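Have a look at the structure below, then the notes.
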Amino acid sequence: MSMNDPLGDMLARIRNAQMRGKSTVRTPASKLRAWVLDVLASEGYIRGYEKVTGANGLPELEISLKYFEGTPVIRELKRVSTPGRRVYASVKDIPSVRQGLGVSIVSTPKGVMSDAAARAAHVGGEVLCTVF
């Protein structure tokens with residue numbers, strides 16, 4: 001998987017860091033990753049992130065993970081669309097996650113946004129991942 005799927009790589013890093021109870025995790029910086037993190041932050045799944053310079057001098061994103069009473073706020077983080085199998089949804093087909101308790105993150109012509117925002121903007125797009 002690794003760098004053929006940079007977004008999948010970032011999601012795996014978040015899951016792994018949470019299993020170890022880490023407060024932060026770093027991932028190589030990219031616009032797509034930052035856009036997905038923006039949605040995770042605005043939906044309350046992470047504390048936030050900042051751009052930092054990695055040991056190799058390349059830009060990285062340092063993600064501040066969020067816990068509630070010692071338990072990760074993100075219970076489930078799933079890649080939906082992959083480089084090998086792209087998943088697109090029209091606005092009426094955007095998946096609802098756990099009866100709306102979770103969020104689908106969708107890459108639309110109007111930007112990367114939550115499923116609720118995409119429905120409100122009447123746009124569909126590539127379903128990147130789901131979070132619960």
Side-chain angles (χ1 to χ4, degrees):
M1 156 170 125
S2 71
M3 299 329 276
N4 299 332
D5 185 9
L7 184 59
D9 173 77
M10 179 178 83
L11 301 182
R13 286 175 192 229
I14 291 173
R15 283 192 297 265
N16 293 341
Q18 287 195 150
M19 279 193 297
R20 293 198 294 275
K22 294 263 176 69
S23 60
T24 62
V25 61
R26 287 185 174 197
T27 182
S30 79
K31 279 185 180 159
L32 178 63
R33 293 180 201 201
W35 292 332
V36 168
L37 292 172
D38 287 337
V39 177
L40 288 175
S42 66
E43 295 288 333
Y45 287 105
I46 59 171
R47 289 183 186 281
Y49 69 95
E50 58 182 3
K51 287 200 167 94
V52 295
T53 302
N56 53 10
L58 293 173
E60 292 186 338
L61 302 173
E62 187 170 81
I63 306 160
S64 296
L65 301 173
K66 203 168 177 181
Y67 296 86
F68 179 72
E69 290 175 355
T71 309
V73 171
I74 296 174
R75 278 174 276 187
E76 186 182 273
L77 194 52
K78 279 197 184 133
R79 187 78 162 105
V80 176
S81 195
T82 64
R85 194 181 68 97
R86 300 281 180 190
V87 178
Y88 297 94
S90 66
V91 64
K92 63 180 190 299
D93 297 326
I94 294 171
S96 175
V97 183
R98 303 273 172 125
Q99 284 81 47
L101 293 173
V103 175
S104 297
I105 299 181
V106 190
S107 177
T108 78
K110 295 185 180 176
V112 175
M113 57 184 78
S114 69
D115 52 320
R119 284 189 199 98
H122 296 292
V123 288
E126 186 182 355
V127 184
L128 299 175
C129 58
T130 60
V131 56
F132 166 69

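Numbers for residues simply follow the sequence, beginning at 1. Everything numeric in this text was worked out from a predicted model, so none of it was measured. What you see below is based on every heavy atom in this structure, not just the backbone, and it leaves out hydrogens, waters and symmetry mates.
For the residue pair Gly124 and Pro109, the shortest heavy atom distance occurs at O-CD, 3.5 Å. Across all their heavy atoms, Phe68 and Val73 have their closest contact at N-CG2, 4.1 Å. The two atoms that bring Val36 and Leu7 nearest to each other are CG2-CD1, 3.8 Å, heavy atoms only. Taking every heavy atom of both residues into account, Val127 and Ala89 meet most closely at CG2-CB, 3.8 Å. In terms of heavy atoms, Asp5 sits closest to Pro83 at CG-CD, 3.7 Å. The heavy-atom pair separating Ala118 from Val91 by the smallest distance is O-CG2, 3.9 Å.
Take Arg85 and apply the side chain to side chain donor-acceptor pair (under 3.5 Å) test, not counting sequence neighbours, and it matches no residue. Ser104 meets the side chain to side chain donor-acceptor pair (under 3.5 Å) test with no other residue; sequence neighbours excluded.
Contact of the Pro6 side chain with the Leu32 side chain is not registered, since no non-hydrogen atoms from C-beta on lie closer than 4.5 Å. Proximity of Ile14 to Thr27: side-chain heavy atoms (C-beta onward) are nowhere separated by under 4.5 Å. Using a 4.5 Å heavy-atom threshold, the side chains of Val123 and Met113 count as touching. For the pair Arg33 and Asp9, the minimum side-chain heavy-atom distance is below 4.5 Å. Side-chain contact between Val103 and Val97 is absent, with no heavy-atom pair separated by less than 4.5 Å.
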Which side-chain N or O atoms in residues 16-23 pair as donor and acceptor under 3.5 Å with protein atoms at least two apart or in another chain?
from, atom 1, to, atom 2, distance (Å)
Asn16, ND2, Ala12, O, 3.3
Gln18, NE2, Ile74, O, 3.1

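Atom CG of Leu11 and atom CG of Leu128 lie 9.0 Å apart (nearest 0.5 Å). Between the CD1 atom of Ile46 and the OG1 atom of Thr24 there is a distance of 11.5 Å, given to the nearest 0.5 Å. The SG atom of Cys129 sits 12.0 Å away from the NZ atom of Lys78 when rounded to the nearest 0.5 Å. For the atom pair CD1 (Ile105) and OG (Ser81), the distance works out to 13.0 Å, reported to the nearest 0.5 Å.
Leu77 and Trp35 fall within the same hydrophobic cluster, defined by Ile, Leu, Val, Met, Phe, Trp and Tyr side-chain heavy atoms under 4.5 Å apart, directly or through other members. In terms of hydrophobic clustering, with Ile, Leu, Val, Met, Phe, Trp and Tyr side chains grouped at heavy-atom distances under 4.5 Å, Val39 and Ile94 are assigned to different clusters. Cluster annotation: Ile63 and Leu40 are assigned to the same hydrophobic cluster (Ile/Leu/Val/Met/Phe/Trp/Tyr, side-chain heavy-atom contacts under 4.5 Å, transitive). Placement of Tyr67 and Tyr49 within a single hydrophobic cluster is found when ILVMFWY residues are connected by side-chain heavy-atom separations under 4.5 Å, directly or transitively.
The stretch residues 102-115 participates, sequence neighbours left out, in these salt bridge (charged side-chain N to carboxylate O under 4.0 Å, His left out) pairs: Asp115-Arg119. Within the structure, salt bridge (charged side-chain N to carboxylate O under 4.0 Å, His left out) pairs that include any residue of residues 35-57 do not occur (at least two apart or interchain). Counting only residues at least two apart or in different chains, salt bridge (charged side-chain N to carboxylate O under 4.0 Å, His left out) contacts with residues 58-71 comprise Arg26-Glu60, Arg26-Glu62.
Panel note: side chain Arg13, backbone Val25; no donor-acceptor pair is recorded below 3.5 Å.
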